[in-house]
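Quick notes on the structure that follows.
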Amino acid sequence: MKPLGLPKFKNGHRWVAWVPTLWLLLFFLIPFLVVAKISLSEAAIAMPPYLPVIEWVESGVAQIRLNVGNYLFIIEDPLYAASYWESVRIALVSTLVTLLIGYPMAHVIAMSPEPRRTLLLILVILPFWTSFLLRVYAWIAILKTNGLLNSVLLHVGLISEPLVILQTDVAVYLGIAYTYLPFMVLPLYAALSRLDRTLLEASADLGATPWVSFFTVTLPLTLPGIFAGSLLVFVPAIGEFVIPALLGGNDTLMIGKVLWNEFFANRDWPIASAVAIIMLCLIVGPLMWLNRLQAKQEQGA
Amino acid sequence: MTRFLTSVLLLAATSVQASGVVNVYNWSDYIAEDTIAKFEAETGIKVNYDVFDTNELLEAKLLAGSSGYDVVVPTGNFLERQIQAGVFRPLDTAQLPNLANMDAEISRIVSQHDPDNKHSVVYMWGTTGLAYDIAKIEERMPNAPVNSWDMIFDPAVISKFADCGVAILESPSDMLATAKHYLGIDPASESAADLEKAEALWMSVRPHVRYFHASQYINDLANGDICLAVGYSGDLLQARDRAVEADNGVEVAYVIPEEGGVVWFDLMAIPADAKNVAEAHQFINFVMDAQIAADITNYVFYANANSASTPLIDPEVTSDPGIYPSEAVKAGLFALRAHSPRYDRIMNRTWTRIKTGQ
């Protein structure tokens, strides 16, 4: 009898691999190329508002005009570099805040007995069932001058003047930390629940205090979870537009806002596209490097 | 014969139903509650009504093409440039008998945006002025120059209101033109030196501004979260009325400062690639009906350009100098013009610098 199953299975495998490739091709590579093409064009008062890159001069002859001026412009004006660093800074601080809130949460959930553990996990995911925009608006109501937080603090007597939190960076950190918290908690929970408890018992038997055990055993072993969670928060936070627009101040200048300005206020689609391409390269580059680093570490371990 | 007629009628009926749709894209909070229902009842045309809150958003959709909208309502200086880009189709005046209702003088002013009023008719118009919380201003500065742009552009004055909150309209074209006008410079000037003077003026008062936003000041002013705002007339008048409704002790007043200010016109136009052109004309004509225009003005507190509707508007609205300004104030108003892309870029860059210091 011929072994029937094997070659078929091999083919199936190849097909399965094609699905994500096709997906990436359709929804990442092609849009990326379209944006790259526009970034090499020139703005114009027309529909669409830029000059064509490829023009058919006569039948069979195409003229290609590439304008690298947009990239030079972005490098020359310090606005773009400044807003990129500002985005990275805000994303970093927010990721740190999320980690500091998320780690204890994940720890408590992972150490809880079963029925309660499921309940707590559901509670972490529950906010996703309400619109993201509504939840950010709710923060406006909480943080504003005559808002919930100030009313409570004033009533209790902790402060005598209302705190100005809305329209500051602090509001942006809070907004991002709140919105992305589940992305941090879930990978941390996964890492913490995989943790071998007997190791903690062993370290306790050898005389380590709970804190020493935490820093020498728990923390190093959950590093992959910290890494995954931080990345899931950090990367989308860099490009965040809605949260700084609603909660941030006017001096909160993130790259998303700069992009909006180029696209909508200046109607300069080519410059906007060039900003997007540069931003993508600046995010994808370090990400790939980190990914490789982590892969190496895992191999080493 | 009867059968033939019936089938023709049936055919006509189905074709009306098939094309009986108009896709309207208008500003948010900018129409009376019953306008669309009345139009649908009268014409049998279904309205898909969608809203935006910045000209930029509308413009991006129009310039990308195939927006799917049949009637859009850009502001004059935006429409002016969009006409150059070939976004709109000329209106067929034969399908717009209610054009006879429109104010000839306003149509003449608007023709600087749309030569010969070929592509558009005025939906509503208004001004960019300032509004304040009467009690809070009185408390901080009893003799405040509330009828002057000094409220905003004099550091000695605006600094007194920094603690109760000053909001500035997020619109570089409006705000930089206003600053130029205050300095006695022609607002339409595209000179870099003039722009620098306007920037310096804004910078001198920037530390006292709490935020720049396109619409948030409506609620904040009504709730008492801020005490002074520069914004669009109808929005600020809405803030005044919401404060009255909330009965929270906040009393808001709107003024067009005596130095004059920006007057703008929101214009109804039909995109060149619109699919339901006849229905779009019907909709525009319907809005130009005297009673319908009066209903909208009574509801949104913006002046229309419909002379026939004026007697039908609440006297409370027509006598409000914030909505229907006096002739003396009107003389000081100026409309924004479309700028060259080069000037738009340095203007927006300047505005970013004013807001962020970058």
Side-chain angles (χ1 to χ4, degrees), chain A residues 34 38 42-51 70 73 76-86 137 140-141 143-147 150 161-162 164 166-169 171 244-255 257-272, chain B residues 54-67 78 80-87 163-165 167-168 170-173 206 209-214 216 219-220 223-226 248 250 271-273 338 340-349 351-358:
Chain A
V34 170
I38 298 175
E42 226 174 306
I45 299 182
M47 281 174 74
Y50 55 87
L51 298 175
N70 300 322
F73 181 83
E76 270 167 25
D77 191 332
L79 170 76
Y80 303 94
S83 61
Y84 181 74
W85 282 120
E86 181 77 355
Y137 268 111
I140 296 181
L143 297 177
K144 66 179 188 169
T145 320
N146 292 343
N150 275 320
E161 283 280 302
V164 178
L166 196 63
Q167 282 128 15
T168 65
D169 283 357
L246 290 177
L247 302 178
N250 300 291
D251 44 1
T252 315
L253 188 68
M254 290 181 74
I255 199 80
K257 177 68 185 168
V258 170
L259 223 122
W260 192 97
N261 267 338
E262 290 301 343
F263 190 82
F264 290 101
N266 290 337
R267 288 171 307 281
D268 198 329
W269 293 18
I271 293 254
Chain B
T54 59
N55 266 306
E56 286 81 2
L57 193 66
L58 167 65
E59 185 166 71
K61 288 196 182 189
L62 290 174
L63 291 177
S66 314
S67 64
F78 281 80
E80 188 177 335
R81 185 173 44 232
Q82 287 152 10
I83 289 175
Q84 291 168 31
V87 168
D163 71 306
C164 58
I168 302 295
E170 167 64 38
S171 167
S173 51
R206 172 67 182 92
V209 174
R210 184 170 296 168
Y211 67 81
F212 297 81
H213 202 280
Q216 190 175 346
N219 278 328
D220 286 354
N223 294 338
D225 288 322
I226 57 170
N248 54 3
V250 174
D273 54 11
S340 66
R342 199 192 65 84
Y343 179 78
D344 272 336
R345 169 165 287 285
I346 59 168
M347 179 185 77
N348 288 318
R349 185 69 185 84
W351 190 244
T352 302
R353 209 157 40 234
I354 291 168
K355 283 192 303 176
T356 66
Q358 297 276 0

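Computed from a predicted structure; not experimentally measured. Heavy-atom basis, side chains included; hydrogens, waters and symmetry copies ignored. First the proteins, then the strands, lettered A, B, ... as listed; each starts at 1.
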Exercise for the section: Please report the closest heavy-atom contact between B:Ala60 and A:Phe263, naming both atoms and the distance. Expected result: CB-CE2, 3.8 Å
Completion exercise
Nearest heavy-atom approach of B:Asp344 to A:Asn266 is O-OD1, 3.5 Å
Problem - Test item: A:Lys257 and B:Thr356 side chains (from C-beta on) under 4.5 Å apart, heavy atoms - result: no
Practice task
Tell me, with the steps shown, if A:Glu262 and B:Arg345 meet salt bridge (Lys or Arg N to Asp or Glu O under 4.0 Å).
Solution key: CA-CA 9 Å; A:Glu262 290 301 343; B:Arg345 169 165 287 285; 2.7 Å; yes
Problem - 4.5 Å side-chain heavy-atom contact, B:Arg210 and A:Thr145 - result: yes
Practice task
For chain A, find which of B:Gln84, B:Arg81, B:Glu59 contributes the most heavy-atom pairs closer than 4.5 angstrom.
Solution key: B:Arg81
Exercise for the section: Could you list the residues that satisfy side chain to side chain donor-acceptor pair (under 3.5 Å) with A:Asn261, not counting sequence neighbours? Expected result: none
Practice task
Could you pull out all residues at least two apart from B:Lys355 that satisfy side chain to side chain donor-acceptor pair (under 3.5 Å)?
Solution key: B:Glu170
Handout entry: Over all atoms of both residues, closest heavy-atom pair of A:Trp260 and B:Glu56
Key = CH2-CB, 4.1 Å
Exercise for the section: Would you mind reporting whether A:Gln167 and B:Gln216 have side-chain heavy atoms less than 4.5 Å apart? Expected result: yes
Completion exercise
Heavy atoms of B:Leu63 and A:Ala46 approach each other most closely as CD2-O, 3.5 Å
Exercise for the section: Counting only heavy atoms closer than 4.5 Å, note whether A:Tyr80 contacts chain B via side chain, backbone, both or neither. Expected result: side chain
Problem - Engaged part of B:Leu57 at the chain A interface, taking heavy atoms whose separation is under 4.5 Å - result: both
Fill in the blank from the handout: d(A:Glu161 CD, B:Asp163 CG) to nearest 0.5 Å is 8.0 Å
Problem - Close side-chain approach of B:Pro341 to A:Asp268, heavy-atom, < 4.5 Å - result: no
Exercise for the section: Check whether B:Arg342 gets within reach of chain A through its side chain, its backbone, both or neither, counting any heavy atom under 4.5 Å. Expected result: neither
